[in-house]
Amino acid sequence: MTAGSSHPAHDRLIASLHRWTPPSGESVQADEVTLGSRTIRRYTAEFWTSRQRQGGSIHEISYRACFKPQLPRFFISLLTESGDVVYDPFSGRGTTVIEAGLLGRNVIANDVNPLSRIMTEPRFFPPDLMAVEERLHAIPRVTGSPDPGLSMFYHPDTEREIVALRDYLLARKGAYRDDMIDRWIAMVATNRLTGHSKGFFSVYTLPPNQAVSKESQQRINRKRDQVPEYRDVRQIILRKTKSLLRTLSAKERQNLARAGKKAMLLSEDARATRSIPDESVQLTVTSPPCLDIVQYREDNWLRCWFNGLDENAIGKQITMARTVDGWMAVMGRVFSELWRITRPGGFVAFEVGEVRKRTIRLEEHVVPLGTDAGFTCECILINQQVFTKTSNIWGVENNACGTNTNRIVLFRKG
């Protein structure tokens with residue numbers, strides 16, 4: 001395809017936006033926004049439902065600042081075909097690439113945080129529930145004594161089970177003997193470490209996409225007058241496994257396995273992904289770290305402990321720019337790299353949000369970054385939806401402050 005030529009996927013997208021019927025039944029609002037010398041078409045609607053469980057069950061893994069699978073599905077369905085490569089340079093829990101795998105696409109995932117691969121890779125190869133149960137029963141249930149440093153989270157017997165599981169998994173990994181069932185168990189356990197229901201190993205604490213400090217948990221325990229109760233680690237892992245697999249069809253299993261065998265799962269700087277060939281990606285769907293509003297290191301310290309990772313070393317690699325100028329400097333280099341790896345006619349869907357009480361709309365800063373790299377800005381999509389329960393826990397009112405919309409800038413190469 002020559003530069004500047006029309007692309008069937010582009011035509012499908014624009015036509016779809018004009019005839020789109022949002023889940024709410026309201027019509028799409030179309031207008032234009034002027035950014036410097038550029039006039040960009042903007043579309044506002046509920047393009048995908050805000051309901052938490054409308055995506056496949058395999059996605060139900062907790063992580064900070066992750067978007068719903070309906071977001072990447074929207075773009076993957078419109079802008080790619082079977083076998084195309086879909087990429088996410090800030091992969092997080094792997095929503096984009098798991099959804100792409102379910103839809104029969106090839107995938108590349110990248111994230112400097114190694115927890116991303118731990119949470120993503122096993123879901124390309126979902127095991128049989130019986131195999132997970134057999135493996136869990138082969139693992140020693142308890143070894144040694146509980147660590148008093150975690151007593152604010154766990155009952156002593158629960159902690160013994162967690163430590164025994166951790167010791168087994170790290171020993172298998174260290175000896176290069178861990179298989180995909182071990183990795184599945186590690187992934188599920190990592191996501192059951194703390195939470196605010198009996199489906200987690202811990203006493204009541206913050207939502208499962210975060211881990212409070214030991215001191216903060218002690219304050220929560222005093223305020224709630226609570227003492228950690230015993231939780232059966234094996235049974236919780238099995239229940240969560242069953243839940244993750246509950247909507248997965250045979251065809252989706254096949255698609256995931258096919259994508260997983262070819263997948264590139266990287267842990268590189270998104271500004272220099274040398275492992276990715278030039279002009280190999282049809283679609284990038286991503287949401288980068290947005291200034292310093294999410295503390296990835298602090299939120300993941302317990303997950304790092306369980307997986308034998310150094311959270312301080314990881315934290316130093318994660319981009320947490322405090323100013324818009326600093327953020328733009330980093331993302332400008334990311335866009336240059338995206339230009340290199342995107343094939344002619346390919347797309348980048350770059351999701352950002354309103355931050356700092358709606359005073360900063362990052363999409364207005366993203367447009368020049370993409371166009372300066374060489375992309376054409378096709379449009380801005382604003383997906384409006386109500387806040388999730390997690391947001392309401394923090395006292396954030398709908399459409400009042402925080403990240404209250406998905407704001408996606410869509411770019412095309414050539």
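Contact between I181 and V132 at its shortest, heavy atoms only, is CG2-CA, 4.4 Å. Minimum heavy-atom separation, G332 to L369: CA-CD2, 4.0 Å. In terms of heavy atoms, L302 sits closest to L193 at O-CD1, 3.8 Å. The nearest pair of heavy atoms linking T95 to P69 is CG2-CA, 3.6 Å. The two atoms that bring T286 and F67 nearest to each other are C-CE2, 4.0 Å, heavy atoms only. The two residues P127 and L245 make their nearest non-hydrogen contact at O-CD1, 3.3 Å.
Annotation: side chain of Q282 is not in contact with side chain of R105 (no heavy-atom distance under 4.5 Å). Proximity of F90 to N113: side-chain heavy atoms (C-beta onward) are nowhere separated by under 4.5 Å. With a 4.5 Å cut-off on side-chain heavy atoms, I108 and V97 do not count as touching. With contacts defined as side-chain heavy-atom distances shorter than 4.5 Å, the pair E337/E268 does not qualify. Counting heavy atoms from C-beta on, the side chains of L169 and D182 come closer than 4.5 Å. At least one side-chain heavy atom of I162 sits under 4.5 Å from a side-chain heavy atom of V233. Residues W327 and L362 form a side-chain contact, since some pair of their non-hydrogen atoms from C-beta on lies under 4.5 Å apart. Taking the side chain as every heavy atom from C-beta outward, I237 and L165 approach each other to under 4.5 Å.
Of the possible donor and acceptor atoms, none in the side chain of R123 sits under 3.5 Å from a partner among the backbone N and O of M187. Side chain of N255 to main chain of L102: a donor-acceptor pair is present (N/O by atom type, distance under 3.5 Å, no hydrogens or angles). A donor-acceptor contact shorter than 3.5 Å links the side chain of T190 to the backbone of A186. Side-chain atoms of R253 come within 3.5 Å of backbone atoms of P126 as a donor-acceptor pair (strictly under, hydrogens ignored). Side chain of N191 to main chain of I61: no donor-acceptor pair is present (N/O by atom type, distance under 3.5 Å, no hydrogens or angles). Panel note: side chain T96, backbone P72; no donor-acceptor pair is recorded below 3.5 Å. At distances below 3.5 Å, not a single donor-acceptor pair connects side-chain atoms of Y87 with backbone N or O atoms of N110. Although no hydrogens or angles enter the test, the distance criterion places a donor-acceptor pair under 3.5 Å between the side chain of W301 and the main chain of V212. Formation of a donor-acceptor pair under 3.5 Å by the T273 side chain with backbone atoms of A270 is not found in this model. Formation of a donor-acceptor pair under 3.5 Å by the R271 side chain with backbone atoms of D269 is not found in this model.
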* For the pair V203 and Q217, evaluate side-chain contact (heavy atoms from CB on, under 4.5 Å) and give the outcome as yes or no after the intermediate values. => CA-CA 9 Å; V203 69; Q217 186 58 42; 3.5 Å; yes

* **From CA spacing to verdict: side-chain contact (heavy atoms from CB on, under 4.5 Å), V85, S280** => CA-CA 7 Å; V85 175; S280 59; 5.6 Å; no

* Passes side-chain contact (heavy atoms from CB on, under 4.5 Å), V28 versus F47? Steps please. -> CA-CA 9 Å; V28 176; F47 293 104; 4.2 Å; yes

* Check step by step if side-chain contact (heavy atoms from CB on, under 4.5 Å) holds for L309 and R303. => CA-CA 8 Å; L309 302 173; R303 292 177 173 189; over 6 Å; no

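With sequence neighbours excluded, the residues that form a ring pair (Phe, Tyr, Trp, His ring centres under 6.0 Å) with F350 are F335. For the ring pair (Phe, Tyr, Trp, His ring centres under 6.0 Å) test, residues two or more places apart in sequence or in another chain that qualify with W339 are F375. For R192, there are no salt bridge (charged side-chain N to carboxylate O under 4.0 Å, His left out) partners at least two apart in sequence or on another chain. Applying the salt bridge (charged side-chain N to carboxylate O under 4.0 Å, His left out) rule to R38 yields the partners D372; only residues at least two apart in sequence or on another chain are considered. Here E121 pairs with R117, R183 under the salt bridge (charged side-chain N to carboxylate O under 4.0 Å, His left out) rule; sequence neighbours left out.
A distance of 10.5 Å separates CD1 in I382 from CG in N406, rounded to the nearest 0.5 Å. Summarising the geometry, atom OG1 belonging to T342 is positioned 12.5 Å from atom CZ belonging to R412; distances are rounded to the nearest 0.5 Å. With rounding to the nearest 0.5 angstrom, the NE2 atom of H365 is 13.5 Å from the CE atom of M331. Put simply, CG on L238 and CD1 on I185 are 8.0 Å apart, with the number rounded to the nearest 0.5 Å. Put simply, CG on L410 and CD on E378 are 6.0 Å apart, with the number rounded to the nearest 0.5 Å. Atom CZ of F201 and atom CG of L150 lie 13.0 Å apart (nearest 0.5 Å).
Side-chain contact of T247 with S57: a donor-acceptor pair under 3.5 Å is present, judged by distance alone. Between the side chains of S336 and R333, not a single donor N or O lies within less than 3.5 Å of an accepting N or O.
Put simply, the residue from V285, V366, V409, I408 that forms a side chain to side chain contact (heavy atoms under 4.5 Å, CB included) with E351 is I408. For the pairing with L266, the side chain to side chain contact (heavy atoms under 4.5 Å, CB included) check across D111, V112, I276 returns one residue only, I276.
Within the structure, salt bridge (charged side-chain N to carboxylate O under 4.0 Å, His left out) pairs that include any residue of residues 87-100 comprise R73-E99 (at least two apart or interchain).
Between D84 and R343, at least one side-chain nitrogen of the basic residue sits less than 4.0 Å from a carboxylate oxygen of the acidic one, meeting the salt-bridge criterion. Ion pair E161/R231 not flagged as a salt bridge, since none of the NZ, NE, NH1 or NH2 atoms sits closer than 4.0 Å to an Asp/Glu carboxylate oxygen.
Few gaps surround CZ on R166; more than 12 heavy atoms of other groups in view lie less than 6.0 Å from it.
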